[in-house]
Amino acid sequence: MAFGKGHHLHLIDGSAFIFRAYHALPPLTRKSDGLPVGAVSGFCNMLQRYVEGNAGGDVTHVAVIFDKGSHTFRNDLYDQYKANREAMPEDLRPQIPLTRTATEAFNIACKEMEGFEADDIIATLACQAREAGGRCTIISSDKDLMQLVGGGVEMLDAMKNKTIDVDGVFEKFGVGPDRVVDVQALAGDSVDNVPGAPGIGIKTAALLINEYGSLEELLDRAGEIKQPKRRQTLIEHRAQIELSKRLVQLDCDMELDFTIEDLEVRDPEPETLLGFLAEMEFRTLTKRISGALGVEAPAVPEPAATTASPEAEEHPPLSASEHVTIRDAETLQSWIDAIHARGVVAVDTETTGLNEMRADLVGVSLCVDPGRAAYLPLAHKDGGGADDLFGGEAKLAEGQLDFETALGMLKPVLEDPAVLKIGQNMKYDAKILARNGITVAPIDDTMLLSYALHAGLHGHGMDALSERYLDHTPIPIKTLLGTGKSAITFDFVPIEEATKYAAEDAEITLRLWQRLKPRLHLAQVTRVYEWMERPMVPVLAEMEMRGIKVDRDTLSRMSNAFAQKMAGLEAEIHELAGESFNVGSPAQLGEILFEKMGFEGGKTGKSGKYSTPADVLEDLATEHDLPRRVLDWRQLSKLKSTYTDALQDHINPETGRVHTSYSIAGANTGRLASTDPNLQNIPVRSEEGRRIREAFVAEPGHVLVSLDYSQIELRILAHIAGIDALKTAFRDGLDIHAMTASEMFDVPLDEMTPEVRRQAKAINFGVIYGISGFGLARNLRIPRAEAQAFIDTYFERFPGIRAYMDDTVAFAKEHKYVQTLFGRKIHTPEIGAKGPQAGFAKRAAINAPIQGTAADIIRRAMVRMPAAIADLPARMLLQVHDELIFEVEEDAVDRVIPAVRQVMEGAAAPVVHLDVPLTVDAGQGRSWAEAH
DNA sequence: AATATCACG
DNA sequence: GACGTACGTGATATTT
């Protein structure tokens, strides 16, 4: 029967339901596998309450309408439309498809159309219902839909259970439904980023529309407006206002692929509905609905007993999983479809090496559901090993999809904002894919989940996590590649073997995600992960791929100079020793010094060999020339081997730049670590070493700019421990070490000697490290009793420091972790240990909140940096714990420094308000030596 | 693979 | 009373 008089259509705004459900409920997860289902649960509850509330009512037709696709005709009209929307929360994404399934399970029509907003579908249906002479109720409180009210169309705010009719629209907009769009066009909408007319809000807009009758009339006669400002605004922004109207005007004439008749109310099929609810493991709701439907509730699995692993119970063992090799486009497409349907996929890339800037992509593995995973080989070669010695190119192995074709198919899903890509150490895969033209986003990273949850407890590599959480040892890569000289690269691994290994890795990653992600909330580290771990991945990936220019000739010249000096020193050392030996061998040097030459104080290390560190040689240098020569030789040897030589090998032949790799989860405290090469320990303290930095240069027309936090750890200590004297000194911009010395030794600031200041500085640093009399004595080369007296005086003068140290250790003992100001947890499992480890653990616990908070702050600055410098010709290149290095176009330096400084100095806000200011020093120059 | 040494914050 | 200590990293060369 055709829809018409006497019929009543209900249209439910699905997105509004979802968001309300998501925000109203805590982040629930499905017990068995950790799938986030909070929003689905809330959504089902709302649907059920809706159904119960309308039982016996006059509703004859109903549908839930959803948005589909992020790009609509409104984006074509105005590219900024809804541009300021925040990204959908990660744990909501995978729930979106489930809400569709839920709607269908309730046997309610579920409608969406690609490229259209739900509002347009609702508008079209409401108009059709009105024209047919029936009634229509829109279940939503979205003011954008108010233009549809009237002539049998009403809105219902389900939350407040309030009906919005023509009077309600008048109340909200001051005009009737037919003029709502005119008012919206003028007032604009900050939520949807509709510009409107600047300075005109709803009140003024309604006033104007009521006076002139319509927007068109108002704009045509804008010259008549008395208020000069208002008149000018309307005339100047006419185009913008007209655009705004087109943005807010809903489309009542969409061509739908269904009719209202298709939306007739249907009773739910108990089996389907209860089956879905049971699958979601909603116990209460299953009982309630089975009661309402008068059927027996299906069994919902009870939560696993605390001792048993849910993983082991819910999923078959990893060893029983099915591993698919994707060899044709049809199979690949079916996997892509499955990924879209699920909204979540674990991804792993296989490559020819560990260096992301040099390794080539060989294959991609995917896992959507535990139990089944796929490997897509892309560049496997035939043959047993490396390219043959005579230059013959190895042939591409049979049975692989074309490289470009396959990546072309994968690109949309890997870049789809509605599909979450999970990886273990995703920065690696993101860089490999980026080099193949794919910007993978959004991402989750199991390594970073583990790090946010368990820094300090254990490592975060896949093997460790798999054994710990899945009780499964992954196939060692060595079994495929071999070791040593005969090792092959992954592209020479036979595809069938590669499939087992690669598919397993993707599946392990997915299972780890299911286990770890729900724990973030329980451990209260969601913000740590979301704000300081996950966003680092794209930021660091970009920095690493950009690299920094290093001048090979500079390094090469220095290398030669070092070699010459070393040769001279070596000859002198041999002469002084009376024999020839390997100066680089501490064992041989020890024998020469402590046996042949008879020096006292030779201590042996673990290996029973003499120990010859720099401070020992430094002491001996007062008695003999040889130790000094060795010290000089060692310095040069270090500089040459680690820097001037090794750094040259790290210059990428394609980019001419050096690309480090930062480990995000390397340091327990939250600091980054730099590897391959380490660019966080480039020499600076010695004059000779500092010259290495002359080789780090900017491109022509550019300069390097370095900005570093001044005394950030001491400032944090002053804040955390609440030391008023230190806080005041920092606020007043005083010399903090001189101030400390003045307080401790009763020396007025203007009589301060460098020696006294140096001692105070050592104490200040000592405090951060968990001071001990022994350590301070060694550092200052003073008797232990004297050092202890310094410390006692310090604690007397700053009792808050002692309290902080005691409180922190007590906290660590109670909780087995300590925390930064931003909530990062650093676990301290050794804190209860007896013996020498006890001291270690205590000092680490004291240091961790300070070092960790500083690390958090610079991470926050780095995450915000790309947006802050987006419009400036500047690129962030390096991070060195409290310093950021940028490459900047010469004439933009004066604009870049203030922008960067603002982000860095304000990085603690708004989460933490520090009692001390953060200050940032800046430098610039052609090379890093000049900029620092 | 472990140890010693030393580069950085 | 003795133990043995500054905190956090990574790279290199030597030795096992």
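This one's a predicted model, so the numbers in the text were calculated from it and none came from an experiment. First the proteins, then the strands, lettered A, B, ... as listed; each starts at 1.
- Between K609(A) and dT16(C) there is a side-chain polar atom (N or O) within less than 4.0 angstrom of OP1 or OP2.
- Distance, D649(A) CG to dA11(C) P: 14 Å, rounded to whole Å.
- Across every strand in view, dC3(C) sits unpaired, with no contact that passes the Watson-Crick or G-U test at under 3.5 angstrom.
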Candidate pair R629(A) and E570(A), rule salt bridge (charged side-chain N to carboxylate O under 4.0 Å, His left out), full reasoning = CA-CA 8 Å; R629(A) 302 272 194 284; E570(A) 204 173 330; over 6 Å; no
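- The phosphate of dC8(B) has OP1 or OP2 within less than 4.0 Å of a side-chain N or O from R685(A).
- One finds no side-chain N or O of N847(A) lying less than 4.0 angstrom from the OP1 or OP2 phosphate oxygen of dA6(C).
- Taking the P atom of each, dT5(C) and dA4(B) are spaced 12 Å apart, rounded to whole Å.
- Across dA6(C), dG9(B), dG10(C), the shortest atom-to-atom separation from the side chain of T675(A) is found for dG10(C).
- Out of dT12(C), dG10(C), dA6(C), the shortest distance to the side chain of L776(A) is found at dA6(C).
- Distances were taken from every side-chain heavy atom of V684(A) (C-beta onward) to each of dG8(C), dG10(C), dG9(B); the shortest belongs to dG9(B).
- Among the protein residues, D882(A) comes within range of the sugar-phosphate backbone only, with heavy atoms under 4.0 Å from sugar or phosphate atoms but none that close to a base.
- I682(A) comes within 4.0 angstrom of the backbone, heavy atoms only, and of no base.
- If you check the side chains of T554(A) and D551(A), you find a donor sitting under 3.5 Å from an acceptor.
- The interatomic distance linking Q879(A) (CD) with dT9(C) (P) rounds to 14 Å, in whole Å.
- The base of dG4(C) lies outside donor-acceptor range of the side chain of R778(A), with no N or O pair under 3.5 Å.
- Taking atom C1' in both dG4(C) and dC8(B), the straight-line distance is 26 Å, to the nearest Å.
- When distances are taken from the side chain of P586(A) to each of dT12(C), dT5(B), dA7(B), the shortest belongs to dT5(B).
- No hydrogens or angles considered: nothing links the side chains of D445(A) and Y451(A) as a donor-acceptor pair under 3.5 Å.
- Among the heavy atoms of the strands lying under 4.0 Å from Y643(A) are primed sugar atoms or P, OP1, OP2 only; no base atom is included.
- Rounded to whole angstrom, the span from the CG atom of L589(A) across to the P atom of dA13(C) amounts to 18 Å.
- Backbone-only contact: N678(A) has heavy atoms under 4.0 Å from sugar-phosphate atoms and none from a base.
- Atom P of nucleotide dA11(C) and atom CD1 of I692(A) are separated by 16 Å, given to the nearest angstrom.
- Side-chain rings of Y817(A) and F811(A) approach one another, their centers coming within less than 6.0 Å.
- Among the atoms of the strands shown, none is found under 4.0 Å from any heavy atom of A855(A).
- Distance, I720(A) CD1 to dC7(C) P: 18 Å, rounded to whole Å.
- In the set dC7(C), dG9(B), dA7(B), the nucleotide with an atom closest to the side chain of A844(A) is dC7(C).
- In this structure, of dA11(C), dC8(B), dT9(C), it is dT9(C) that holds the atom nearest to the side chain of A667(A).
- Using a 4.0 Å heavy-atom distance criterion, A841(A) is classed as making no nucleic acid contact.
- Residue N582(A) is classed as a sugar-phosphate contact, given heavy-atom separations below 4.0 Å to backbone atoms only.
- We find that OH of Y709(A) is positioned 17 Å from P of dG9(B), with the value rounded to whole Å.
- Residue contacts for I768(A): at a heavy-atom cut-off of 4.0 Å it reaches no nucleic acid atom on any strand shown.
- Below the 3.5 angstrom threshold, one finds no donor paired with an acceptor across the side chain of R671(A) and the base of dT9(C).
- As judged by a 4.0 angstrom heavy-atom cut-off over every strand, R784(A) is placed among the base-contacting residues.
- Proximity of Q588(A) to the phosphate of dT15(C): a side-chain N or O atom is located under 4.0 Å from OP1 or OP2.
- Residue-level contact check: G839(A) touches neither bases nor backbone, having no heavy atom under 4.0 Å from any strand.
- Here dC7(C) presents its P atom at 19 Å from CD1 of I716(A), a figure rounded to the nearest Å.
- An OP1 or OP2 oxygen of dT5(B) is reached within less than 4.0 angstrom by a side-chain nitrogen or oxygen of T612(A).
- Here dC7(C) is the nucleotide among dA6(C), dC7(C), dC6(B) with the atom lying nearest to any side-chain atom of F840(A).
- Residue A646(A) is classed as a sugar-phosphate contact, given heavy-atom separations below 4.0 Å to backbone atoms only.
- Taking side-chain N and O atoms only, R843(A) has no distance below 4.0 Å to OP1 or OP2 of dT5(C).
- Of the possible polar contacts, one joining the T622(A) side chain to the D619(A) backbone as a donor-acceptor pair under 3.5 Å is found.
- Taking side-chain N and O atoms only, S585(A) has no distance below 4.0 Å to OP1 or OP2 of dA13(C).
- We find that CD of E570(A) is positioned 14 Å from P of dA13(C), with the value rounded to whole Å.
- Residue contacts for S674(A): at a heavy-atom cut-off of 4.0 Å it reaches the sugar-phosphate backbone alone, with no base atom in range.
- For the residue pair S556(A)/Q648(A), the side-chain donor-acceptor check at 3.5 Å is not satisfied.
- Separation of the F599(A) and F594(A) ring centroids does not fall under the 6.0 Å cut-off.
- Ring to ring, F790(A) and F795(A) are not that close: their centroids are 6.0 angstrom or more apart.
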